[in-house]
Amino acid sequence: MSELVTGEAVALELRPAKLPSRVLAVVLDLVVAVAAYVAVMIALVLSTAGLDAAAQAAVSIAAFLLLLVGGPIAVETLSHGRSLGKLAFGLRVVRDDGGPIRFRHALVRGAVGVVEILMTFGVVACVASLVSARGRRLGDVFAGTLVVRERIPAGRTSFVPPPPPWLSGRFSQLDLSGVPDGLWLAVRQYLTRMQQLDPQVGWAMAERLAADVAERTGAPAPPGVPPAAFLAAVMQERQAREVRRAAPVQHPVQRPFERPVQAAAPYPSAPVAPPAHAPASTPAPPVVRETGAERPATGFAPPA
């Protein structure tokens, strides 16, 4: 299992795909691509029988590049990292921080895959995956991606808690382009495991991650906001931008002068150390009744 070790020696685990499942997924993708290529080549040979040899060679090269190179790139881009073989075996290509891939990631993977998969029959890709600690081939290394297992047992899914309602949308103007993928991964893994950490260790880790995010965005956390809540709000803003970039949606307009209601959130508070010497409790002074004080009338007369 691949791990990212933080400064507090807390291991944040990932779930990279195993080599056998990746090989089977690639084989299934190649079978489908080669079948489509053969069918297209038969149709092209029958339709271009009157052309010369140079024209037929150009058409064959174009069909090869279109189906065996451009096809996987287009499929991974449109499906956000899931080809037919990966879909069958429960795999997905993601970025190093766990986010969905884009066209440039699929393009680099496909271009390098021509050399390490098609030209060498997958030998270079298998050797690179065995040598890599995270099971990545050369295309993943150059593209900054990772093939992970999408199907995991129930109860082991990581849930990123949402920020408090009064922090939602507060960082919509924040520049997140300077935050590297490794830091996003550390923030996401911390938020999914902060309830399992020691309070003091978790608070120190949240402060360090919040300081790193604030340094790269140029905007510190607002005063009085716990660092874990700040990290959750920034993470939610990044995920919202990813969703809007993939499929733009219309968000409801927030009504002005609406007072936000702070709901209870599972964010740790600052650890408070107990006092070194607890003050001794002062005994209450005894109540002294005056003998000559007049008692209130109760309607009861004592016997003579």
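Predicted model only: the values in this text are computed from it and were never measured.
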Are the side chain of [X] and the backbone of [Y] linked by a donor-acceptor contact shorter than 3.5 Å?
| X | Y | answer |
| --- | --- | --- |
| S132 | S129 | no |
| E116 | L138 | yes |
| R238 | W184 | no |

Within the structure provided, determine whether [X] and [Y] are in side-chain contact (heavy-atom separation under 4.5 Å).
| X | Y | answer |
| --- | --- | --- |
| F103 | I73 | yes |
| L84 | V75 | no |
| V93 | K86 | yes |
| L191 | R188 | no |
| V108 | R104 | no |
| V213 | L231 | yes |
| F171 | P222 | yes |
| T217 | D175 | no |

Which atom pair, heavy atoms only, marks the closest approach of [X] to [Y]?
| X | Y | value |
| --- | --- | --- |
| Y190 | A228 | OH-CB, 3.9 Å |
| R241 | L176 | NH1-CG, 3.5 Å |
| P163 | A229 | CB-O, 4.2 Å |
| R109 | A143 | CG-CB, 3.9 Å |
| I101 | A106 | CD1-CB, 4.5 Å |
| L146 | P16 | CD1-CB, 4.2 Å |

Evaluate the criterion side chain to side chain contact (heavy atoms under 4.5 Å, CB included) for residue pair R170 and E237; output intermediate values, then yes/no.
CA-CA 9 Å; R170 187 169 180 178; E237 177 61 29; over 6 Å; no
With hydrophobic residues grouped by side-chain heavy-atom distances under 4.5 Å, do [X] and [Y] end up in a single group?
| X | Y | answer |
| --- | --- | --- |
| V114 | L65 | yes |
| I61 | L118 | yes |
| V141 | V23 | no |
| V26 | V127 | no |
| F64 | L67 | yes |

In terms of side-chain geometry, is the basic nitrogen of R82 or E76 positioned less than 4.0 Å from the acidic oxygen of its partner?
no
Is E242 salt-bridged to R95, going by a charged N under 4.0 Å from an acidic O?
yes
Output the distance between atom [atom1] ([X]) and atom [atom2] ([Y]), rounded to the nearest 0.5 Å.
| X | Y | atom1 | atom2 | result |
| --- | --- | --- | --- | --- |
| K18 | L24 | NZ | CG | 14.5 Å |
| R137 | T145 | CZ | OG1 | 7.5 Å |
| I42 | S47 | CD1 | OG | 11.5 Å |

Show the numbers, then the answer: is there a side chain to side chain contact (heavy atoms under 4.5 Å, CB included) between V225 and L167?
CA-CA 9 Å; V225 176; L167 277 180; 3.7 Å; yes
Not counting sequence neighbours, list each pair that qualifies as a salt bridge (Lys or Arg N to Asp or Glu O under 4.0 Å) and has a residue in residues 220-229.
none
Please table the atom pairs, donor to acceptor, closer than 3.5 Å between any side-chain atom in residues 27-41 and protein atoms at least two apart or in another chain.
| residue | atom | partner | partner atom | Å |
| --- | --- | --- | --- | --- |
| D29 | OD1 | S83 | OG | 3.4 |
| D29 | OD1 | G85 | N | 2.6 |
| D29 | OD2 | S83 | OG | 2.7 |

If the condition is side chain to side chain contact (heavy atoms under 4.5 Å, CB included), which residues does A17 pass it with, not counting sequence neighbours?
S21, R22, L91, V147, R149
Given Q239 and V243, is the side chain to side chain contact (heavy atoms under 4.5 Å, CB included) satisfied, shown in steps?
CA-CA 6 Å; Q239 294 175 349; V243 172; 5.5 Å; no
